[in-house]
Every structure is written in C-alpha cells, then in structure tokens.
Amino acid sequence: MDQRVSLITLGVADVERARDFYAALGWHGQTVEQTVFFQAGGLAVVLWSRAALAADAGLPDAGVPDHGLPDDGARDDGARAVAAGGVALAHNVRSAREVDALVADWAGAGGAVVREPVRTVYGGYAGYVADPDGHLWEIAYNPGFPLADDGSLTVPDLGPPTGG
C-alpha cells in the first residue's frame with residue numbers, strides 16, 4: 001500500500017462560514033455542490049457539512065463537544081469546541097517568527113488560540129489554534145523537518161524503519 005494522504009475532509013457546522021474563515025487566512029478554494037476544495041501543497045483540504053459527512057460515513061452526527069475553550073461571547077459552542085477524535089492537522093513553517101504571525105492571522109480571522117506558541121522539546125516552536133468548527137491545527141517550526149522551497153515536508157531519516 002502507498003503511504004499517502006490525498007485529502008483531509010473537515011466536517012463543519014456551516015460550510016459558508018468555514019469557507020469565509022479559510023479565505024480570510026488567504027486560502028483560495030473552489031466550491032462544488034456545497035463542498036469547498038482547497039489545494040494545500042500535495043493534498044487537498046475539503047470543507048463539507050458535518051451532517052453530510054456523518055451520513056456519508058453511515059454514522060450519527062453527534063455534533064462537537066465543548067472542550068473548555070474560553071467563551072468570548074462571539075463564538076457559538078461549535079466554534080469554542082475542539083473537535084473530538086484525537087486528530088490535529090499541522091501547518092509547518094520556516095521560523096518561530098512565522099509561527100507567531102500565523103497564529104495571529106488565525107486569531108484575527110476568528111479562530112481560537114488553544115495554546116499560545118512555546119518552545120518545544122524537539123528544539124522548535126509551536127502553538128495550537130482551532131477553526132470556527134473546532135478543528136485543531138498545530139502551527140509549528142521544527143528545525144529537524146526542513147521545508148522544501150514549495151513548502152512540502154519530507155520526513156528525514158529518523159533511524160530504522162518500522163512497520164511493513
């Protein structure tokens with residue numbers, strides 16, 4: 001089996017609100033039948049109704065639980081929540097300064113800063129933000145994972161391979 005992620009679908013409460021949020025960050029998407037597609041390097045990030053995604057997967061739409069993000073009065077429960085499921089997407093950048101700038105961009109666009117950026121145990125710098133539907137993103141600078149000119153990340157040789 002090829003090791004590949006082709007696209008990541010984010011189930012959202014309001015497709016238009018989510019599209020506008022990502023557009024405020026400078027992302028350029030294409031809307032097709034109530035679904036928004038963003039090219040993100042070598043893969044795509046897709047926004048789709050959480051209810052439609054749940055139905056497509058044959059699962060009930062249980063909504064998004066509140067995981068204790070501060071309520072500033074401007075966000076609804078879904079926007080304050082960090083989506084369940086143990087998943088965080090990552091946006092790696094080339095410097096700590098870029099981490100700070102990108103976290104500020106997210107906050108300015110209406111996202112929630114879940115954890116302010118801090119120095120990491122791996123010698124980098126990272127923080128966490130959530131989009132209006134609570135999808136968790138790590139914004140990170142990791143000097144051990146340098147980015148190519150096109151922004152792509154190649155996992156460096158970390159030792160003997162594991163798995164098949």
Side-chain angles (χ1 to χ4, degrees), residues 2-31 35-48 50 64 66-76 78-159 162:
D2 290 338
Q3 295 180 166
R4 176 181 305 128
V5 175
S6 300
L7 58 87
I8 298 168
T9 301
L10 303 177
V12 300
D14 181 323
V15 173
E16 185 174 326
R17 177 186 72 179
R19 182 200 63 223
D20 291 348
F21 171 79
Y22 285 94
L25 294 173
W27 290 40
H28 303 284
Q30 301 176 60
T31 302
T35 305
V36 182
F37 294 84
F38 295 100
Q39 185 65 49
L43 60 88
V45 174
V46 181
L47 306 176
W48 195 19
R50 186 170 53 232
V64 180
D66 183 351
H67 287 281
L69 290 179
D71 182 1
D72 65 3
R75 297 179 179 94
D76 63 21
R80 290 176 27 255
V82 174
V87 175
L89 305 170
H91 182 133
N92 281 42
V93 295
R94 292 179 175 83
S95 71
R97 183 173 297 152
E98 286 182 79
V99 171
D100 288 334
L102 196 52
V103 168
D105 287 348
W106 278 71
V113 178
V114 177
R115 190 195 78 204
E116 292 289 342
V118 296
R119 295 280 167 209
T120 64
V121 296
Y122 54 80
Y125 185 71
Y128 281 88
V129 293
D131 73 6
D133 287 278
H135 297 107
L136 189 62
W137 287 76
E138 178 188 29
I139 309 299
Y141 163 61
N142 183 340
F145 284 65
L147 300 178
D149 289 342
D150 68 359
S152 61
L153 181 148
T154 300
V155 177
D157 183 1
L158 300 172
T162 60

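All figures in this text were calculated on a predicted structure; none of them were measured in a lab.
The NE2 atom of His135 sits 7.0 Å away from the OH atom of Tyr22 when rounded to the nearest 0.5 Å. The line from CZ of Arg115 to CD of Glu138 is 7.0 Å long, rounded to the nearest 0.5 Å. Once rounded to the nearest 0.5 Å, the distance linking CD of Glu116 with CG of Asp100 reads 8.5 Å.
Atom CZ of Arg94 has more than 12 neighbouring heavy atoms from other residues, nucleotides or ligands inside a 6.0 Å radius.
For the pairing with Val129, the side chain to side chain contact (heavy atoms under 4.5 Å, CB included) check across Val103, Leu102, Leu136 returns one residue only, Val103. Of the listed residues (Val45, Asp131, Leu10), just one forms a side chain to side chain contact (heavy atoms under 4.5 Å, CB included) with Leu89, and that residue is Leu10. A side chain to side chain contact (heavy atoms under 4.5 Å, CB included) with Ile139 holds for exactly one of Trp106, Tyr125, Tyr128; it is Trp106.
The two residues Leu147 and Gly151 have their closest heavy-atom pair at CD2-O, 3.8 Å. The heavy-atom pair separating Ala140 from Val99 by the smallest distance is C-CG2, 3.7 Å. Nearest heavy-atom pair across Pro143 and Gly123 is CG-O, 3.5 Å. The minimum heavy-atom distance linking Leu7 with Leu43 is given by the pair N-CB, 4.5 Å. The two atoms that bring Ala24 and Ala109 nearest to each other are CB-CB, 3.8 Å, heavy atoms only. Nearest heavy-atom pair across Val36 and Gly29 is CG1-CA, 4.2 Å.
Tyr122 and Asn142 share no donor-acceptor pair across their side chains, judged by distance under 3.5 Å alone.
Phe38 and Trp27 have perpendicular rings, their planes meeting at more than 60° on a 0 to 90° scale where under 30° would count as parallel.
Put simply, the side chain of Glu16 never gets that close to the backbone of Ala18: no donor and acceptor are under 3.5 Å apart.
Taking the side chain as every heavy atom from C-beta outward, Arg17 and Asp133 approach each other to under 4.5 Å.
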Requested in this report: Go through the steps to decide whether Arg19 and Val12 satisfy the test side chain to side chain contact (heavy atoms under 4.5 Å, CB included), and finish with yes or no.
Outcome: CA-CA 10 Å; Arg19 182 200 63 223; Val12 300; over 6 Å; no
